[in-house]
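Report on the following structure.
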Amino acid sequence: MKSGNLGYPRIGLERQWKKALEAYWAGDLAEAELQTRLKDIRLSNLKAQQERGIEIIPVGDFTYYDHVLDTAVMFGIIPKRFGYEGGAPSLSVYYAMARGSKDAAACEMTKWFNTNYHYIVPELAGAHPVLTGNRLLEAYKEAKEELGIEGRPVLVGPLTFVKLSKGYAPHELADWTRRLVPLYAEVLRELAEAGVKWVQLDEPILSTHVSAEELALAEELYGQLARQVPEIRLFLQTYFEAVDQYEAVVALPVHGIGLDFVHDGGRNLEAVLRHGFPAGKLLGAGLVDGRNIWACDPDEKLKVLTALRQTVADEFLVVQPSCSLLHVPVSTVKETKLESVLRQALAFADQKLEEVALLTKAGNLGAEAVAAELEALRSGRAALAASPSRNRAKVRERMSRLQSQPITRASSFEERRELQEKRWQLPLLPTTTIGSFPQTPEVRSARQKWRKGDWSEEQYQVFIREEIGRWIGIQKDLGLDVLVHGEFERNDMVEFFGEKLAGFAFTGNGWVQSYGSRCVKPPVIYGDVEYTSPMTVAETVYAQSLSDAPVKGMLTGPVTILNWSFVRDDLPRRDVAFQIALALREEVEALEAAGIGMIQVDEPALREGLPLKPEQGPAYLEWTVKAFRLSTSTVKDETQIHTHMCYCEFQDMIDSIRALDADVISIETSRSHGELITSFEEQTYELGIGLGVYDIHSPRVPPVAEMEGMIRRALQVLSPRQFWINPDCGLKTRRMLETVAALGNMVEAAKQVRAELGSAGVRA
Ligand code: GLN
Ligand code: ZN
């Protein structure tokens with residue numbers, strides 16, 4: 001059997017990629033210099049794979065921004081507004097599509113399946129696809145000439161490409177894919193002429209729900225490619241889940257199929273064992289987790305490999321990661337500051353490739369041949385499993401009593417509402433914000449000085465209090481009804497809590513690409529999560545001491561903390577969410593005990609964690625709702641629980657949102673262009689709700705009348721008694737002046753509409 005890889009992180013060990021791109025955009029780097037730097041990174045990425053003994057090395061996975069954008073540009077799918085006039089597209093057109101230019105808005109960006117990677121959405125409307133170049137051919141030749149690597153070109157497959165694009169009606173899917181087939185064929189033909197034998201076409205869409213027509217279409221498309229370019233062997237790669245219809249997928253007219261044996265819930269393996277695997281086809285066995293950062297359990301992997309060998313002959317097996325390694329950091333070499341018991345149990349991209357090579361060797365030569373290496377993996381994992389940081393008695397004890405933990409508020413929403421209205425005496429249509437205020441350069445530099453030790457704890461606290469005081473003053477002057485402290489002490493809404501809870505670790509260099517040059521460094525949940533001490537009480541209480549109006553406490557919810565972290569792989573994610581929820585509950589209770597009567601628990605990432613397969617949605621929603629309720633159900637009736645979600649297709653999960661039983665929810669609305677509001681014509685929702693009345697992603701200050709319009713529109717479907725007025729999301733990325741101006745208009749709009757409601761709208 002052989003070892004293979006599907007894609008390698010682009011960003012470089014030192015994030016050189018990000019730095020080169022950003023310097024070029026800032027005008028500090030000439031195009032030629034950018035090209036040289038990117039070539040260096042590309043070649044060193046290839047070398048990293050070669051040195052680790054990977055036999056099948058992908059080429060063409062490297063990008064100047066995003067691989068879906070690369071595919072669109074290669075096929076000339078470049079919207080008119082970018083002024084492209086044929087020929088080889090320039091770098092400025094390419095980056096204008098990704099980031100916008102002064103004349104044209106950027107293409108939309110959206111999440112790549114269920115990952116935190118975002119791709120640029122191709123726009124098919126009005127496009128006339130033509131081949132503008134062959135980036136795979138260039139990549140192939142470069143790898144061969146410079147490093148003697150016989151690479152395997154990678155490209156997004158036609159079905160996935162068109163399914164992820166926009167600007168066409170569903171019934172045009174087949175047409176669009178058919179229009180692209182000649183271009184794919186041309187790319188393949190040129191590759192064949194250069195000596196390429198195998199090409200990897202990524203079709204992760206086959207792991208989502210696919211219809212019978214779509215499968216028939218895939219069969220037709222791949223049949224066409226096979227007929228038109230018989231010299232090329234196609235390797236069809238799927239990932240992130242089990243393939244939807246195993247028998248049909250493995251029967252597609254290609255020479256190899258890659259399956260994910262990590263994130264498939266065991267279903268891919270079961271299908272191979274039950275239905276067999278077509279003789280003469282290569283099986284890419286995705287054994288090593290490409291989505292998480294833990295060293296693998298070699299015995300579990302070898303067991304899967306052994307099972308596969310019952311069906312597939314060795315010469316047709318490729319050991320590989322479950323997906324492109326784009327989703328994990330580059331290497332653990334720089335993690336010298338981590339506790340060694342943790343460090344030894346980690347595997348980033350380079351270590352994962354070593355695992356791939358090792359498992360391949362174990363398969364070919366027998367486990368005895370690599371006994372020492374296998375033992376090292378085992379003992380690394382065992383040491384972490386046994387470590388005190390992973391096993392906290394109090395947490396375990398509490399988890400064992402989970403069934404008896406309250407997940408229901410003492411009284412119904414109606415009863416709580418009465419008490420809460422009496423307590424706060426808020427006007428109709430109360431105004432508030434989502435939590436954060438502008439993180440100015442001064443705020444960021446203060447935090448840096450404190451982190452570096454240039455500032456004492458005391459100095460930093462004084463600074464934070466001044467900011468809080470200033471913004472409480474601004475909110476009072478604006479006439480907002482419910483205030484916030486502003487989150488100045490937080491760099492990131494998950495990291496802040498992770499640093500204060502036990503069970504989290506922070507890598508020094510564990511960066512992964514989120515979109516374009518933006519990288520994130522997710523916290524690592526490696527042990528039982530435990531509350532240690534109050535996290536937000538001092539700042540919130542201080543803010544409240546400056547105002548008679550209520551100040552909302554502000555926490556990040558358990559599901560969002562989970563979904564934006566790398567999570568230990570020895571417990572179900574659900575259990576980790578419950579641990580976080582129990583810890584947050586202590587903070588909720590501490591805030592309440594300190595006199596804070598409104599507490600917001602943000603869950604912007606709840607929806608994005610939905611499984612790829614719709615049939616698994618209900619189970620996920622059930623435990624995520626339970627986690628939220630575990631953290632929020634023990635407060636008194638008159639304590640008001642708020643929550644916030646960013647963009648959310650309310651329609652498809654309204655029952656779960658209702659089940660959160662939050663007294664007030666705020667949701668981003670502007671990006672759904674009124675669709676969200678319309679959805680309340682069909683659905684009823686009784687609890688408190690604020691539909692964002694202005695978009696915080698732009699510096700634009702919307703006039704009063706525009707926000708009034710948003711409010712009136714919402715009041716056609718929601719009652720004034722339940723409606724709250726707030727922006728779409730937190731304001732931390734905005735500047736102070738535009739923030740104050742926009743909030744001033746928002747308060748004014750609320751007053752106007754309130755006045756119109758008059759006595760008819762008076763609270764019951
Ligand atoms: N409370 C957070 C803020 O205002 C919420 C951010 C979010 O929804 N992503 O910044
Ligand atoms: Zn938000």
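All figures in this text were calculated on a predicted structure; none of them were measured in a lab. In each ligand, atom 1 is the first atom listed, and ligand 1 is the first ligand listed.
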Inset, instruction - Evaluate the criterion ring-ring contact (aromatic ring centres under 6.0 Å, His included) for residue pair H263 and F113; output intermediate values, then yes/no. - result: CA-CA 13 Å; H263 295 272; F113 297 89; over 10 Å; no
Inset, instruction - Decide yes or no for L326 and T115: does some side-chain heavy atom of the first lie under 4.5 Å from some side-chain heavy atom of the second? - result: no
Inset, instruction - Tell me, with the steps shown, if W450 and F463 meet ring-ring contact (aromatic ring centres under 6.0 Å, His included). - result: CA-CA 10 Å; W450 166 68; F463 173 85; over 10 Å; no
Inset, instruction - Using the test side-chain hydrogen bond (donor to acceptor under 3.5 Å, both in side chains), find all partners of E587 that sit at least two apart in sequence or belong to another chain. - result: Y531, T536
Inset, instruction - Output every pair passing side-chain hydrogen bond (donor to acceptor under 3.5 Å, both in side chains) with a member in residues 472-486, not counting sequence neighbours, ordered by first then second residue. - result: T431-D481, D481-R754, H485-E489
Inset, instruction - For the Zn ion (ligand 2), report each protein N, O or S atom nearer than 2.8 Å, sorted by chain and then by residue number. - result: H644 NE2, C646 SG, C729 SG
For ligand 1, run through the N/O pairs with the protein that fall under 3.5 Å and put one pair on each line.
{"from": "ligand 1", "atom 1": "1 (N)", "to": "I434", "atom 2": "O", "distance (Å)": "3.1"}
{"from": "ligand 1", "atom 1": "1 (N)", "to": "E487", "atom 2": "OE2", "distance (Å)": "2.9"}
{"from": "ligand 1", "atom 1": "1 (N)", "to": "D602", "atom 2": "OD2", "distance (Å)": "2.6"}
{"from": "ligand 1", "atom 1": "4 (O)", "to": "I434", "atom 2": "O", "distance (Å)": "3.4"}
{"from": "ligand 1", "atom 1": "4 (O)", "to": "S436", "atom 2": "N", "distance (Å)": "2.9"}
{"from": "ligand 1", "atom 1": "4 (O)", "to": "S436", "atom 2": "OG", "distance (Å)": "3.1"}
{"from": "ligand 1", "atom 1": "8 (O)", "to": "H644", "atom 2": "NE2", "distance (Å)": "3.1"}
{"from": "ligand 1", "atom 1": "10 (O)", "to": "S436", "atom 2": "OG", "distance (Å)": "2.7"}

Legend entry - Option from E458, R465, E457, Q459 for which side-chain hydrogen bond (donor to acceptor under 3.5 Å, both in side chains) with Q461 holds: E457
Inset, instruction - Report yes if the side chains of T556 and P604 come closer than 4.5 Å at any heavy-atom pair, otherwise no. - result: no
Legend entry - Where Y685 and R658 come nearest, the two heavy atoms and their spacing: CE1-CA, 3.9 Å
Inset, instruction - Report yes or no: does E421 contribute a side-chain atom to a donor-acceptor pair with the main-chain N or O of W424 at less than 3.5 Å? - result: no
